[in-house]
Every structure is written in structure tokens, then in C-alpha cells.
Number of protein chains: 2
Amino acid sequence: MNIGQASSHSGVSAKMIRYYESIGLMPEAGRTQAGYRVYSERDVHLLRFVRRARDLGFALEDIRMLLGLWQDDARPSAAVKEIALKHIDELTRKIAELQAMKRSLQHLAEACHGDDRPDCPILDDLGSPGSRGDEDRCH
Amino acid sequence: MNIGQASSHSGVSAKMIRYYESIGLMPEAGRTQAGYRVYSERDVHLLRFVRRARDLGFALEDIRMLLGLWQDDARPSAAVKEIALKHIDELTRKIAELQAMKRSLQHLAEACHGDDRPDCPILDDLGSPGSRGDEDRCH
DNA sequence: CCTTGACCTTCCCATGATGGGAAGCCTTAT
DNA sequence: ATAAGGCTTCCCATCATGGGAAGGTCAAGG
């Protein structure tokens, strides 16, 4: 299988397959005499693993560890769960951060007429020297 | 005021102040004879504006527009609101994406014993050939 | 007066994960 | 035989930020 086939079978772009190889996430692919990379079903399986883990938001360094555990028949499931829980915490943190931004912005946007007149609570807030205004009062 | 003062008064690092100047987000600072950048209260005000907008998650290109509108006494508030609403949409999208990841991962983590035994639903899911291999790419 | 330490300057490099594209070689189908 | 398209490597760009080196400047204290 060429890299193009491996790509379409795994959902990982050829560019990324080469990159994963370069950082040691994927084993070095075999080569034809002409230098083309050659992939097996097993490689495609690995790539799909990486793609799924990426879809769940894992960083490549986490995926490196997950791949190691996946291929280790004697792994303790606790090791896997720990990585997953750490990532869940990270997701929770990011979600809360974005939600705080969204809440503040929504309050400001609701207060803004959105017409031809120049007065705008959004700019007033951004430019005010004091505190954020509604963020501390509300919720 | 030196860049260090401007930094501590605005909460923007000196590094970033220079960067914002280099990309034309901030006007070129005046210089002392020795080449030190010089800042006024007004510049600090601008920097605080940028910092607040960053805290709300706006991209620098959005902030460039917001700064333009802020300094334009005749702006229509609709222009500001449009930028804000677009950003709210983006936040909403990202939040939903992260929440979907979190949900999936939580289900998997709940099903994982997290002990010394090797069987692990998380790895089973990541490695299963089943859902979603080569077809639809969503971006 | 000279040293010291804290500041400033510019310039280069790194991040994380990905895409774009050029120059050149290989394969396959017409 | 030639054209199309796939493959190779290499370099560059993103986005916002930090790190650090090499060197100039300023203020205070011996």
C-alpha cells in the first residue's frame, strides 16, 4: 500500500503520516526500491488509532503513551484511565474558560443596540479603565 | 514610561508589546535618544483594551478592527456587535466540540476499571476497526 | 570614576498540529 | 512515448507567545 492508500484508508493525511513517522509516533515505513513508503493493514490500524485519539482531543504526546499501552498486553488499565482522566480535566478547564468568555460577551452583546448609532457597551467595556463590569456582578 | 512600566501597567508582556507594534496593531512607539521605546498613558489604555479583548478570546485580527471602531467616533454599533456575535458563534462551536469529546471520553473512562488488569474499554474503542475509518473528513 | 545590576534593544528559535507548495523522480495508462 | 498523477524531500506559514543570546544604557553605590 502506498501512502495515498494508507491515507484514505485511515483518514490521516499523507502529510501527517510522514510527520508522525518523523517524530517517532509511527514506526519507519518500509520503502520500495524507488523510495516510496509501503504500508500494511497493521499500519493502517495504527493510523486509525491515532486519528481516533486525535478526534478525542488527545495531544500527540499522550497518544504516544496510549499507543505504547495499547501494544503492551500486560498494561494496567489504570495507566490508561489516568491519561484519560487527565485529559477530561483539561477539557473541563478549557470548556469553563470558553464558557466564561461566551457569557461575558453575550451580556455585552445583548446590551448593544447594533444599529447606526455609535454608542456601544462592548467598546465601553473593552476600553473602560475599571473592572469588567458584568462579569463579577452576574452569576 | 519605558516598556517595562507600560507592561506592568497594562498587563501585556514587553515581548507582546513589541510584537503588537511590529504587526501594526499598536502605533510605533516614540523613542528616547538611546533607542528606548516611550509610552504614554494613552498607549497603556490601548494596551489594556487589547488585553481585555484577548481575555475575551478575540483574535488579533478582530482586535485590529475593534480598535479601529473604538477610535472612530462615528462607528455604527452594529459593526461592533457583528464582530462580537461572530466570535460568540465561534466560541459556541468550540465549546460544543470540546463537550462532545468530553462526553465520549467520560463514557469510556467510566467503563474502565482502572486497576492492574489489562482489559480497557478506552483502548478497545481507540483500536476498534469499527466506526469511521476512511470516509468523511469534516474539515 | 568605575562597577554592578537591572533594564532596554534586535535577532533567532521553539511551540503544536497542520497545510501549501516547489522541484524533481516514479508509475501507469493511453 | 508522453501525459497525468502520485511519490519524495525541503522550506515556509499559521497563531500568539515565550526563551534566550549578544550587546547597549542607565542609575546607584563603593
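Note: hydrogens, waters and symmetry copies are ignored here, and every other heavy atom, side chains too, is used. Chain naming here is simple, since letters A, B, ... match the order of the sequence lines and numbering starts at 1 in each.
- Across all strands shown, B:T32 has no heavy atoms under 4.0 Å from either base or sugar-phosphate atoms.
- A straight line from CZ of B:R37 to C1' of D:dC26 spans 17 Å, rounded to a whole angstrom.
- Residue order along DNA chain D, read from the 5' end via each residue's closest nucleotide, puts A:G35 first among A:G35 and B:Y19.
- Using modelled atom types, one side-chain atom of B:H87 and one backbone atom of B:L56 make a donor-acceptor pair closer than 3.5 Å.
- As judged by a 4.0 angstrom heavy-atom cut-off over every strand, A:A14 is placed among residues making no nucleic acid contact.
- With no hydrogens or angles considered, a side-chain donor-acceptor pair links A:R52 and B:S128 at under 3.5 Å.
- Within the 4.0 Å cut-off from OP1 or OP2 of C:dA17, not a single side-chain nitrogen or oxygen of A:R51 is found.
- In this structure, B:K86 does not pair ionically with B:E82, as no charged nitrogen and carboxylate oxygen lie closer than 4.0 Å.
- Regarding B:Q33, its CD atom lies at a distance of 16 Å from the P atom of C:dT9, rounded to whole Å.
- Atom CZ in A:R54 sits about 4 Å away from atom P in C:dT18, given to the nearest Å.
- Between the P atom of C:dT15 and the NZ atom of B:K15 lies a distance of 16 Å, rounded to the nearest Å.
- Look at CD1 on B:I63: it is 8 Å from P on D:dT17, rounded to the nearest Å.
- Taking atom CD1 on B:I17 and atom P on D:dA16, their separation rounds to 17 Å, with Å as the unit.
- For A:S13 and C:dG19, the shortest distance from a side-chain N or O to OP1 or OP2 is below 4.0 Å.
- With DNA chain C read from its 5' end, the first of the two nearest nucleotides for A:Y20 and A:Y36 is the one closest to A:Y20.
- Rounded to whole angstrom, the span from the OH atom of B:Y39 across to the P atom of C:dT9 amounts to 7 Å.
- Among the nucleotides C:dT27, D:dA16, D:dC26, the one closest to any side-chain atom of A:A34 is C:dT27.
- Checked by atom type, the side-chain pair A:D43/A:S40 shows a donor-acceptor distance below 3.5 Å.
- Among C:dT9, C:dA17, D:dT8, the nucleotide with an atom closest to any side-chain atom of B:I3 is C:dT9.
- Other residues, nucleotides and ligands contribute over 12 non-hydrogen atoms within 6.0 Å of the CD atom of A:Q5.
- The distance between atom CZ of A:R18 and atom C1' of C:dG20, rounded to the nearest whole Å, is 13 Å.
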